[in-house]
Amino acid sequence: MARIIVVTSGKGGVGKTTSSAAIGTGLAQRGHSTVIIDFDVGLRNLDLIMGCERRVVYDFVNVINGEATLNQALIKDKRTEGLFILPASQTRDKDALTEEGVSKVLEELKERFDYIVCDSPAGIEKGAQMALYFADEAIVVTNPEVSSVRDSDRILGILQSKSLRAREGQEPVKEHLLVTRYNPARVSAGEMLSVADVEEILAIPLLGVIPESQDVLKASNQGEPVILNADAQAGQAYSDAVDRLLGEDRAHRFLDEQKQGFLKRLLGGGRG
Amino acid sequence: MSTPDFLLKGSTVTVVVLELHQYDSEAFPSLLSERVARAPGLFQGSPVVISLESLRAESDAVNLAGMLDHCRDQGLRPIAFRAVPEGLQDKAAQTGLAVLPPGGGRGRSIEVPAEEPAPDLEVHTEQQPVTAGRPTRTITRPVRSGQQIYAEGGDLIVLAPVSEGAEVLADGNIHIYGPLRGRALAGVHGDASARIFCQHMDAELISVAGHFLLSDALGDTVLRKPAQVALDGDVLSVSAL
Ligand SMILES: Nc1ncnc2c1ncn2[C@@H]1O[C@H](COP(=O)(O)OP(=O)(O)O)[C@@H](O)[C@H]1O
Ligand SMILES: [Mg+2]
């Protein structure tokens, strides 16, 4: 049975697309056929992060409107076996995604894939609600700061009241907390919330903590999901998160400040 | 024997009474919105009876239809006029609302905290004896920011956190077995004996029967501790459990 996983947050710029790309890739790496859908109509970011922007011919909206078949629109990832991307259109307006149209495409995808990862747009309005409407599970991406936690809380409320599962009184959408851009040094300095603070406020199970890292930026610029970089802490943290998503036990890493490194000495000199 | 399609029964309900002392069409909307804003949630969607018993103004000058629009704009649901003076009876009938005879004066004022007394407008509820047992509403999942839960006619039990930006309301008591970070309003239809109990008091706002306190009024003895909120005369008191 295919699982639909929405990657959502309320707030923009917290790492939804980065996480969708990493987690979708991780699921495929582990042998599960996976498609990542870009629901951010108008922005179209996922194809850039996946490095397939030059291969986009047809998109999600074309398929909904019957202007292209799913086969024509799906882009096969060149690096990871069993991974496909369904890009968003850059030009059309957000109303192009109708409930009926999305439902039809998802039904077709369910026949072919084990996992359908939906990269949500920011906000709590229509676009975000459409991305989460059909979800079985939700990965709520949160940065360790008050406004992001508050928005995550709102999106959790919407998941439990406005999703199809909620509407039909089925088993609730399974919730996962993914804390991203975590910077232990700034937590110690009291400039950011700790993982414990975020967990305590949102009260949902912790799927992973992704450290703030330059490797993520480098990866997006190169169009390679950071999970493919096994040397990067952020890549390792995403790998752990995918394992946990699949039910494995993994201890959380990279939660504490690292011992005085070169960078820390350089940056920390002026403080105090 | 055939079963009837319906029954006509008598019943008593608790309603909010808006008692008009004076009507100034210019000032009324802002006075009303100010009043409603001070007790958010309390009046939302509430059935309201507009009592003209103590109306001082020249009767003919009152634009009843306009006043109803203002009430509806503020989320109130006017259902009837009470004690309509001679000169206004036609106008009242034209609005389509029911017209009730003068009340027996059993109403009890809800004190909405005011910076200054606002004599033009008084809001109180009619206390009706509660005959049946009170239904309890039990919520097991977190109440999230932007959500509102209302236990009508009884108590509310929440076995999860109430987030900042969330609002829980009950006609009776509220019990929260998790942190209370949002707003909790007990006795929203005037039950002054209602209380709020919570495991971790970190509320943005607490209220019993229309008496409010904001978070900055919570002292160290109760902040982030198990606490209860009760009305002591006219004073809302928060004490450690
Ligand atoms: N762990 C991280 N460390 C550093 N930068 C990150 C991290 N995660 C995301 N970013 C950066 O944050 C920005 C927003 O990320 P993106 O995934 O596009 O967010 P969203 O989809 O939520 O808007 C991008 O520039 C991305 O490279
Ligand atoms: Mg994005």
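By convention in this document, chain letters (A, B, ...) are assigned in the order of the sequence lines, proteins followed by strands, and residues within each chain are numbered from 1.
A donor-acceptor pair shorter than 3.5 Å can be found between the side chains of A:Thr180 and A:Asn143. Residues A:Arg150 and B:Ser145 bring a donor and an acceptor atom of their side chains to less than 3.5 Å of each other. A:Ser147 and A:Glu145 form a side-chain donor-acceptor contact under 3.5 Å, judged by distance and modelled atom types alone.
The greatest number of non-hydrogen atom pairs below 4.5 Å with chain B, out of A:Ser161, A:Pro172, A:Gly157, A:Ala203, is found for A:Gly157.
Proximity to chain B (any heavy atom under 4.5 Å) is shown, for A:Leu202, by both the backbone and the side chain. Residue B:Glu164 touches chain A through both its backbone and its side chain, counting heavy-atom pairs closer than 4.5 Å.
B:Ala160 approaches B:Arg141 most closely through the heavy-atom pair CB-C, 3.5 Å.
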